[in-house]
Every structure is written in structure tokens, then in C-alpha cells.
Amino acid sequence: MASLAPTVTLNNGYRMPVLGLGTWLSREGEAIDAVKAAIDAGYRHIDTAYLYRNEKEVGQAIREKISEGVIKREDIFVTTKLWNGFHDPDKVEEAFNRSLANLNIDYIDLYLMHSPMGHKFVAWEPENPDSAAVPEFTEVDYVDTWRAMEKLLKRGKVRSIGVSNFNSQQVARIVQECEVKPVTNQVECNPGLNQRKLTEFCKQLDVTLTAYSPLGRPNYYEKDPINTPKPALDDPRVAEIAKKYGKTPGQVILRYLIELGTIPVPKSANAVRLRQNIEIFDFKLTESEIKIMDGFNTGKRTVPFAASAHHKYYPFNIDF
């Protein structure tokens, strides 16, 4: 029997598993296989985005598992995201409908604003995530975009809405000025950028923090060690903790992030690692081990959105 992750109750009463599958860079057949393997391994929380260009594949994998009788629709929590090019309030509903049609799973559990930074609308075809081209910015206020997202809740096709890559001031502004509070803020979070301050800040507002790139970006570090922070994954101190519990370094890192109160969404297409990543609920780190893990925090980002550093709403110019 596959082990299931515990759930957390969001501020609107819905429940979200505290560990999910990230699908960034999972394309075409790989995305289908990864999502199906994840569901078989016990994952009930899948994270995608319009930008990832794999919503159709994610939806297909979920529908196949429903038809096999492995899950029911209500068993699985699916997140997707509004891309930056669709921030104009007049574009939000159409963008959402396109994601809903791509997924084709009746409703979406959670819809996130991918970032507070609006780009000029070019086409409905999502931008190439591997392109080095700098997008043309707009000054669309993310509060106006959020209010358009609030209207989606009334249509019943989305159950929860949230934000991503927002700093503390931006989250607070949404809470203060809008009717609906975000259920989560999805940000980069790993031992090198442990987001303790932002997690605690969001917690005070009854907003969860979802952790993307929870293991750092080991593949990026291998390609560009000068500009990419070294992940904790290969550190002997993490290996020593892992050995004590009969776990892998990756499992220790995910357990650490769970104990910080975050909701990690690690990406993997490897069936063995998929199983390992969810088998983290049978041990706990000691205070001294958490202190060791805290020692990796440098505040450096592996996803700095450098091309958008001059955007009016660039989120990373403040401490958290």
C-alpha cells in the first residue's frame, strides 16, 4: 500500500497534502509517466503551470488513474498557475479556462498567480521557459489581477486561489486590500534559502508556504557552479544524518522543510526517487540536526528572475 502524505487545512477549509509532485521541465511523455508513477507511489498533490506546457499531459495521467480506479477526482489536489503575460484583468478568465481545458479534470483545486510581475500579452502560446529574451513589462497592478482571480471562485471551477514568488509586503497588501486571502505563497525554498522569516510571516496571516526547488537545483549547479548556489544534497553532514535514519540526503532535506512548516513540491521523473521523496513521514530530525540544516542558509536564490530585476513589482529587493 502506497503511503500518503498528511494534509494541512487551508484558510478556506480545503485540505492540501503537505508534499506534492513538481512538474517543471517535465515535458510530454515524461510528464505523463511521472504523474502516473507519483500517484501509484501515493502522491495526491500535483503542481503544474500554464508556462510548463504540460497541463494536458498532467490531466491525461490523472484521468487514466481515475479510470483505472486508483483514485477518484476528489482524492487528488491539482495546482496550476496564471502566467505573467495574462495579468490584465480582462485576460484572467480566458487564461484560467485554457488551463482548465488543458487539464480536463472538471475543476482546479488551486490557481496561483505565478508572480506579481506582469508582462505584455503577446499570444496565448506560453513563452518558451528556456528563452533568454527579456519580456516587455507592464505596470498592471497585481491587486487588480488578484481581484479578477477572486471572481473565478464564484464560478465554482476553482476551489482555492493563491500567489507565487511574492514577498512579505506583497502578500500583506493582498490580504489588506482584497476580499479573499491567498491560501498559499509558493516560493523557492531549500536549505540554502530556507525562508524561515517568510514562512513565519505567512503563518501569522494564516497563509501556507509552498516550497519549490526544495532540493536546490543540483542539475543547474553541475552546469554552472559559479552562478548557482551549491545544494546541500551532496554535503557530508547531510549524508551523515541520512545514514543515521536509513534515509537518503534528499529525504533528510524534505523532512527538514516539512518540519519548518513548508509544503515541498519536489520534481522527479525517476520512479525510485518519487517513492523516496514521499517516504519522509516515519522519522523526525532532532533540534541539533535542524540546527545543522539551518547552517546551509545563505539567502542565495537559484531562481533569481534576474531578467525581471527592473520590474516595478520585482519581489526580491527586500529581505523576505
Side-chain angles (χ1 to χ4, degrees), residues 16 19-39 43 45-65 76-87 91-92 94-105 107-119 121-133 135 149 158 160-166 184-190 210-215 217-220 263-270 273-274 277 302-305 307-308:
M16 176 165 73
L19 184 104
L21 174 73
T23 61
W24 165 245
L25 297 182
S26 285
R27 306 275 170 82
E28 299 174 354
E30 181 191 284
I32 295 171
D33 292 343
V35 173
K36 289 170 74 173
I39 290 170
Y43 288 74
H45 174 181
I46 310 294
D47 182 271
T48 183
Y50 192 81
L51 176 70
Y52 301 173
R53 303 183 179 203
N54 61 15
E55 288 173 322
K56 289 181 180 178
E57 289 77 12
V58 168
Q60 179 184 329
I62 291 169
R63 291 193 308 275
E64 288 183 16
K65 284 297 164 185
I76 194 117
F77 189 101
V78 181
T79 301
T80 193
K81 308 178 188 78
L82 174 78
W83 181 236
N84 299 349
F86 314 142
H87 273 210
K91 296 278 192 297
V92 171
E94 174 67 14
F96 172 81
N97 286 338
R98 285 171 178 265
S99 284
L100 183 61
N102 285 342
L103 285 159
N104 191 18
I105 51 173
Y107 61 90
I108 290 170
D109 295 277
L110 175 58
Y111 196 48
L112 304 180
M113 195 186 315
H114 210 136
S115 93
M117 301 176 288
H119 297 171
F121 176 79
V122 177
W124 287 112
E125 180 69 18
E127 298 165 33
N128 179 358
D130 299 320
S131 172
M149 290 174 62
V158 63
S160 305
I161 54 176
V163 295
S164 181
N165 298 304
F166 274 50
T184 200
N185 181 20
Q186 183 178 128
V187 296
E188 179 184 355
C189 180
N190 47 61
T210 303
Y212 73 72
S213 297
L215 301 176
R217 289 199 158 187
N219 54 331
Y220 282 64
I263 301 165
V265 286
K267 184 262 179 185
S268 182
N270 178 290
R273 280 198 295 274
L274 279 169
N277 287 348
T302 67
V303 192
F305 293 99
S308 298

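Since the structure is predicted, the reported quantities are computational estimates derived from the model, not experimental observations.
Although no hydrogens or angles enter the test, the distance criterion places no donor-acceptor pair under 3.5 Å between the side chain of Thr184 and the main chain of Gln186. Remark: the backbone N or O of Leu82 is not paired with any side-chain donor or acceptor of His87 at under 3.5 angstrom. A donor-acceptor pair is defined here as one N or O able to donate and one able to accept, closer than 3.5 Å; no such pair exists between the side chain of Asn84 and the backbone of His119.
Residues Met113 and Ile161 form no side-chain contact, since every pair of their non-hydrogen atoms from C-beta on lies 4.5 Å or further apart. Between Thr80 and Tyr111, the closest side-chain pair of non-hydrogen atoms falls below 4.5 Å. In this structure, the side chains of Ile76 and Lys65 stay at 4.5 Å or more apart for every pair of heavy atoms. Using a 4.5 Å cut-off on side-chain heavy atoms (C-beta onward), Pro264 and Leu215 make no contact.
When all heavy atoms of Ser268 and Asn277 are compared, the pair lying nearest together is CB-ND2, 4.2 Å. The nearest pair of heavy atoms linking Tyr212 to Val265 is CA-CG2, 4.0 Å. The heavy-atom pair separating Thr23 from Tyr52 by the smallest distance is OG1-CD1, 3.6 Å. The minimum heavy-atom distance linking Cys189 with Ala211 is given by the pair CB-CB, 3.5 Å. Minimum interatomic distance between Pro266 and Leu19 (heavy atoms only, all atoms of both residues): CD-CD1, 4.1 Å. For Asn54 against Ala31, the heavy-atom pair with the smallest separation is CB-CB, 4.1 Å.
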* Take Glu55 and Lys81 through the side chain to side chain contact (heavy atoms under 4.5 Å, CB included) test and state the conclusion after the steps. => CA-CA 10 Å; Glu55 288 173 322; Lys81 308 178 188 78; over 6 Å; no
* To do: Any chance you could lay out the side chain to side chain contact (heavy atoms under 4.5 Å, CB included) test for Phe166 and Val187, step after step, and finish with the verdict?
  => CA-CA 7 Å; Phe166 274 50; Val187 296; 5.9 Å; no
* Check against side chain to side chain contact (heavy atoms under 4.5 Å, CB included), Phe86 and Trp124 -> CA-CA 8 Å; Phe86 314 142; Trp124 287 112; 3.6 Å; yes
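In this structure, Asn102 CG and Tyr50 OH are separated by 6.5 Å, a value rounded to the nearest 0.5 Å. Interatomic distance, Thr79 OG1 to Ile108 CD1, rounded to the nearest 0.5 Å: 9.5 Å. Between atom CE of residue Met16 and atom CD1 of residue Ile263 there is a gap of 3.5 Å, rounded to the nearest 0.5 Å.
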What donor-acceptor contacts under 3.5 angstrom involve side-chain atoms of residues 56-64, with partners at least two apart or in another chain?
{"unit_1": "Gln60", "atom_1": "NE2", "unit_2": "Glu64", "atom_2": "OE2", "d": "2.9"}
{"unit_1": "Arg63", "atom_1": "NH1", "unit_2": "Gly59", "atom_2": "O", "d": "3.4"}
{"unit_1": "Arg63", "atom_1": "NH1", "unit_2": "Leu103", "atom_2": "O", "d": "2.9"}
{"unit_1": "Glu64", "atom_1": "OE1", "unit_2": "Lys36", "atom_2": "NZ", "d": "2.6"}

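Classification of the Trp83-His114 ring pair by plane angle, with boundaries at 30° and 60°, yields perpendicular.
Side-chain polar atoms of Thr302 and Ser213 form no donor-acceptor pair below 3.5 angstrom.
Salt-bridge check for Asp47 with Lys267: failed, with every basic side-chain N at 4.0 Å or more from each acidic carboxylate O.
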